[in-house]
Amino acid sequence: SYSVTGVQTCALPICDDTIVATADGKLNAAGNKLTIDEVLVVKGDVDYRVGHIMFPGDVIIEGGVAAGFKVYSGGSITIKETMDAFDVSAKKDLTCAQGIIGKERGLMRVGGKLKAKFMENARCAVRGDAEIPGSVVGSSLFVLGKLNMGDKGRIVGGEVHATHGVLCGWIGGPTRPLTEVNVGVDFTIQQKLDAANRELNDLSIKLSRAEAIFKQRPEDSVRRLRDELQKRLAVLAESITQLSQRVDVDEGAVVEVRGGVYPGTTIAICHVAYTVSEPLKKTRFRLDSAARKILVEH
């Protein structure tokens with residue numbers, strides 16, 4: 001017989017000898033004792049010694065994550081050193097005590113909140129808020145909540161999308177790197193809208209070609225193709241209209257900069273854009289929804 005911790009005996013009569021875990025995690029068998037570890041602790045780095053990690057519970061990594069390694073967690077991920085982000089997915093929160101450095105076309109997906117010291121050349125999508133007190137450099141950061149970088153945090157190059165606003169110290173840099181900050185928009189809907197518009201463009205080209213062919217060869221097969229393309233275009237156009245009505249979700253979102261903003265920066269709130277042409281000191285950007293323009297407040 002087994003001494004069981006964190007597991008229960010199956011109640012079905014056809015499986016009297018089967019033991020079913022009551023929680024996700026790692027099964028340990030020591031003698032006649034079964035236990036479930038709901039937290040996976042990696043004592044050092046995630047590298048060739050450890051390999052990829054796919055775990056249903058929380059993951060704590062006491063070292064860093066080397067380039068090229070995947071970390072998937074059905075809970076939260078905590079990393080105590082620098083992470084070379086290649087393919088990281090946390091169903092809940094992701095906390096990186098040091099920084100995040102993007103590798104190749106790596107992608108991070110965070111179902112909860114993100115906390116990291118800095119982010120560099122990374123792509124990251126966050127369903128909650130993000131807290132990055134250092135810098136976000138050359139990255140593509142998408143946040144459905146708010147990005148809080150405190151009074152000294154810097155956004156330099158790349159693009160930042162934060163649905164409910166941004167608080168930081170500085171945006172841009174003296175070399176005028178192209179820096180975009182977008183707020184007020186649900187980036188998940190925006191991505192669907194962008195994909196639909198690309199498909200609309202492709203279908204329009206195909207329809208134009210089909211119509212040209214039909215003029216030369218008015219055959220039934222060409223007519224059917226033309227009619228099918230027209231139907232698909234109509235459905236897609238309706239979908240784009242509906243997505244466009246849902247994409248702007250927070251006209252009250254603001255971009256607050258406690259230090260300054262360099263030229264080469266574009267601020268957009270609900271698709272209304274403002275390009276910074278001269279250096280600005282402490283500044284707050286908000287949307288005048290009636291006039292559909294960005295107000296720059298000092």
Side-chain angles (χ1 to χ4, degrees), residues 2-8 19-145 147-150 153 158:
Y2 281 100
S3 171
V4 178
T5 302
V7 296
Q8 67 179 8
I19 296 175
V20 179
T22 60
D24 291 331
K26 180 182 178 183
L27 176 65
N28 298 309
N32 65 344
K33 185 177 182 180
L34 297 178
T35 59
I36 296 292
D37 287 341
E38 296 184 65
V39 178
L40 174 64
V41 179
V42 179
K43 295 297 184 180
D45 298 334
V46 174
D47 51 21
Y48 288 102
R49 178 183 59 86
V50 174
H52 301 305
I53 292 178
M54 297 182 183
F55 189 71
D58 295 339
V59 175
I60 298 175
I61 301 170
E62 296 186 348
V65 178
F69 287 90
K70 301 177 182 180
V71 181
Y72 293 171
S73 168
S76 297
I77 300 175
T78 301
I79 301 168
K80 297 186 178 180
E81 295 185 9
T82 303
M83 175 174 66
D84 289 328
F86 173 70
D87 190 355
V88 177
S89 178
K91 188 174 182 179
K92 296 181 181 178
D93 299 339
L94 171 61
T95 300
C96 188
Q98 297 300 315
I100 297 171
I101 300 175
K103 293 296 180 181
E104 300 173 1
R105 296 297 295 169
L107 175 64
M108 293 179 294
R109 294 168 292 269
V110 183
K113 297 180 180 179
L114 168 68
K115 290 185 179 181
K117 189 173 184 180
F118 69 86
M119 179 179 293
E120 180 179 320
N121 299 323
R123 292 193 304 148
C124 183
V126 184
R127 298 201 67 86
D129 296 330
E131 184 178 323
I132 306 174
S135 59
V136 176
V137 179
S139 298
S140 295
L141 174 61
F142 298 84
V143 181
L144 276 180
L147 171 61
N148 186 352
M149 302 185 70

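The figures that follow rest on heavy atoms only: side chains count, while hydrogens, waters and symmetry mates do not. Predicted, not measured: the structure shown is a model, and the values here were computed from it. Residue numbers run from 1 in the order of the sequence given.
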Stepwise side chain to side chain contact (heavy atoms under 4.5 Å, CB included) test for L114 and C124: CA-CA 10 Å; L114 168 68; C124 183; 4.0 Å; yes
Summary of salt bridge (charged side-chain N to carboxylate O under 4.0 Å, His left out) pairs that have at least one residue in residues 77-88, sequence neighbours excluded: D87-R109
Do you know which two heavy atoms are closest between V126 and G112, and how far apart they sit? CG1-O, 3.4 Å
With a 4.5 Å limit on heavy-atom distance, are the side chains of D93 and T78 in contact? no
Got a second to check how far E131's CD is from N148's CG, nearest 0.5 Å? 6.0 Å
If you measure from CG on L107 to CZ on R123, what distance do you get to the nearest 0.5 Å? 5.0 Å
For residues P133 and A116, report the shortest heavy-atom separation together with the two atoms involved. CD-O, 3.2 Å
Does the side chain to side chain contact (heavy atoms under 4.5 Å, CB included) test come out yes or no for I132 and L141, once each step is laid out? CA-CA 11 Å; I132 306 174; L141 174 61; 4.0 Å; yes
Let me check something: any side-chain donor-acceptor pairs from residues 41-59 under 3.5 Å, sequence neighbours excluded? List them with distances.
{"residue": "D45", "atom": "OD1", "partner": "G64", "partner atom": "N", "Å": "2.7"}
{"residue": "D47", "atom": "OD1", "partner": "R49", "partner atom": "N", "Å": "3.0"}
{"residue": "R49", "atom": "NH2", "partner": "D45", "partner atom": "O", "Å": "3.4"}
{"residue": "H52", "atom": "ND1", "partner": "K70", "partner atom": "N", "Å": "2.9"}
{"residue": "D58", "atom": "OD1", "partner": "S76", "partner atom": "N", "Å": "2.8"}

Measure the spacing between CD of E120 and OG of S139 and express it to the nearest 0.5 Å. 7.5 Å
Can I79 and L94 be said to form a side chain to side chain contact (heavy atoms under 4.5 Å, CB included), step by step? CA-CA 8 Å; I79 301 168; L94 171 61; 4.3 Å; yes
Can you tell me how far apart CD1 (I77) and CE (M83) are? Round to the nearest 0.5 Å. 7.5 Å
